[in-house]
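Residues: numbered from 1 along the sequence shown. Predicted model only: the values in this text are computed from it and were never measured.
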Amino acid sequence: MTHSHLGHLPHTRHAPSAVAGGFDPIILLYLLVAAGALAYAALLWRHRALGRGWPLQRSFFFALGMGLVAYGLSPALMTAAHADLRVHMTQHLLIGMFAPLALVLGQPLTLLLRGLPLPLARRLTGALHAPPLRWLMHPLSALLLNVGGMYLLYLTPLYAAMLENGWLHLLIHFHVIAAGFLYTSVIAGVDPSPLRASFGWRLGTLLAGAALHAVLGKFMFAELYPRDTADSAEVIEAAARRMYYWGDLAEALLAGLLFWGWLKARDR
């Protein structure tokens, strides 16, 4: 089956996300990522200064996750992703699926709670029980924000609009990172959390998420979504395959992390 006749509307893309005056809003995301890395390093320094131990592998995994995010948002990859859906899909997989797996293993919330003065730590723990966070930490909410966001991005004009609007570009990339981290934390996070759903809920949500992700990849391949971009049918098919196969790998790693956590909890 050839898709070259299905009515894509090639047009010239603008420069990557620059707005009036040449300012690129994605710089704000760079600053936010750098602030997160510096905050983790500062908490780790304080932890060690107080003579407290912190497993080296947690720091390694957090650094690995931040490295994947930094590479996914690097100017060279950002420019290439703006011009080619295949590169965009690689970027999406890096910052939204693989990096969160490493970041949750860094246990940043545990480090934060241990590093804060006791009154502040108690206040933060209380805030984590507030109704909005209870809603966010439910597996179905995390699934809706993460996989639902992908359906909205690729099956509506949102993707084409993102390529033309710097602020929308910033918002969507922030959402991909935040929703990916939230989903991974809810399904298989290793930070202690009284809000964590039962194993059955998390496993069921993971299976549903993997199925929905695979269906989206196949639908994009068959119907050539996203529409109204300059990408050829061959490029869209290759991007959809990349989403399908590499997405399966990320889901398999997430399943491994879920079962690892379940076995550890059962053996305690």
Practice task
Any chance you could lay out the ring pair (Phe, Tyr, Trp, His ring centres under 6.0 Å) test for Phe219 and Tyr225, step after step, and finish with the verdict?
Solution key: CA-CA 8 Å; Phe219 191 76; Tyr225 280 92; 5.6 Å; yes

Practice task
Would you sort out whether Leu203 and Phe259 count as a side-chain contact (heavy atoms from CB on, under 4.5 Å), showing the intermediate values?
Solution key: CA-CA 9 Å; Leu203 179 59; Phe259 278 95; 4.0 Å; yes

Exercise for the section: Show your reasoning for whether side-chain contact (heavy atoms from CB on, under 4.5 Å) applies to Leu224 and Glu237. Expected result: CA-CA 7 Å; Leu224 294 182; Glu237 288 171 351; 4.0 Å; yes

Practice task
Could you go through the side-chain contact (heavy atoms from CB on, under 4.5 Å) check for Leu216 and Leu155 one step at a time?
Solution key: CA-CA 9 Å; Leu216 177 60; Leu155 302 187; 3.9 Å; yes

Practice task
Output, in order, the C-alpha distance, side-chain angles, deciding distance and verdict of side-chain contact (heavy atoms from CB on, under 4.5 Å) for Phe62 and Leu111.
Solution key: CA-CA 11 Å; Phe62 191 82; Leu111 184 62; over 6 Å; no

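Between Leu257 and Ile187 the shortest side-chain heavy-atom distance does not fall below 4.5 Å. Contact annotation: the side chain of Tyr71 never approaches that of Met66 to less than 4.5 Å [non-hydrogen atoms, C-beta and beyond]. Contact annotation: the side chain of Met78 never approaches that of Pro75 to less than 4.5 Å [non-hydrogen atoms, C-beta and beyond]. Using a 4.5 Å cut-off on side-chain heavy atoms (C-beta onward), Leu85 and Thr229 make no contact. Side-chain atoms of Leu44 and Ser59, non-hydrogen and from C-beta on, do get closer than 4.5 Å to each other.
Under the 4.5 Å side-chain heavy-atom criterion for ILVMFWY residues, a single connected hydrophobic cluster contains both Leu249 and Tyr183. In the hydrophobic clustering of ILVMFWY residues, with side-chain heavy atoms under 4.5 Å counting as a link, Tyr244 and Met220 come out apart. Grouping the Ile, Leu, Val, Met, Phe, Trp and Tyr side chains by contacts below 4.5 angstrom, directly or via other members, places Phe60 with Leu253. Hydrophobic clustering places Leu206 together with Tyr151 (ILVMFWY residues linked when any side-chain heavy atoms are closer than 4.5 Å, directly or through intermediates). Linking ILVMFWY side-chain heavy atoms closer than 4.5 Å, directly or via other members, places Leu29 and Phe23 in a single hydrophobic cluster.
Distance alone, capped at 3.5 Å, places no donor-acceptor pair between the Asp231 side chain and the Ile236 backbone. Side-chain atoms of Tyr30 come within 3.5 Å of backbone atoms of Leu73 as a donor-acceptor pair (strictly under, hydrogens ignored). Judged purely by atom type and a 3.5 angstrom limit, Asn165 uses its side chain to pair as donor or acceptor with the backbone of Leu168. A donor-acceptor distance shorter than 3.5 angstrom exists from the side chain of Arg48 to the backbone of Trp54, with no hydrogens or angles considered. Without hydrogens or angle criteria, Arg202 side chain to Pro139 main chain gives no donor-acceptor distance under 3.5 Å. The main-chain N or O of Gly115 is found under 3.5 Å from a side-chain atom of Arg46 such that the two form a donor-acceptor pair. Asp191 places a side-chain N or O within donor-acceptor distance of the main-chain N or O of Thr110, the cut-off being under 3.5 Å. Here the side chain of Tyr40 pairs a donor or acceptor atom with the backbone of Gly106 at under 3.5 angstrom. Distance alone, capped at 3.5 Å, is enough to place a donor-acceptor pair between the Arg52 side chain and the Arg114 backbone. For the pair Ser141 (side chain) and Met137 (backbone), a donor-acceptor distance under 3.5 Å is absent.
Across every non-hydrogen atom of Leu94 and Pro100, the tightest pair is O-CD, 4.3 Å. The two residues Leu68 and Ile95 make their nearest non-hydrogen contact at O-CG2, 4.3 Å. What you find for Val69 and Ala99 is that their closest heavy atoms are CG2-CB, 3.5 Å. Contact record, Val190 with Arg196: N-NH2, 4.3 Å, taken as the closest heavy-atom pair. Listed here is the closest heavy atom pair of His213 and Met243: CE1-O, 3.3 Å. Nearest heavy atom pair, residue Ala188 against residue Leu254, reads CB-CD1, 3.8 Å.
For the atom pair CE of Met162 and CG of Leu170, the computed distance is 11.5 Å after rounding to the nearest 0.5 Å. Interatomic distance, Leu103 CG to Thr184 OG1, rounded to the nearest 0.5 Å: 8.5 Å. The distance from atom CZ of Arg86 to atom OG1 of Thr90, rounded to the nearest 0.5 Å, is 9.5 Å. Rounded to the nearest 0.5 Å, atoms CG (Leu109) and OG1 (Thr125) are 8.0 Å apart. Of the inter-residue distances, the one linking Arg241 atom CZ with Trp246 atom CH2 reads 14.5 Å to the nearest 0.5 angstrom. Taking CG from Leu182 and NE2 from His175, the interatomic distance works out to 9.5 Å, rounded to the nearest 0.5 Å.
Between Tyr159 and the options His169, His92, His88, a ring pair (Phe, Tyr, Trp, His ring centres under 6.0 Å) holds for only His88.
For Phe199, the CZ atom counts as densely surrounded, since its 6.0 Å shell holds more than 12 non-hydrogen atoms of other residues, nucleotides or ligands.
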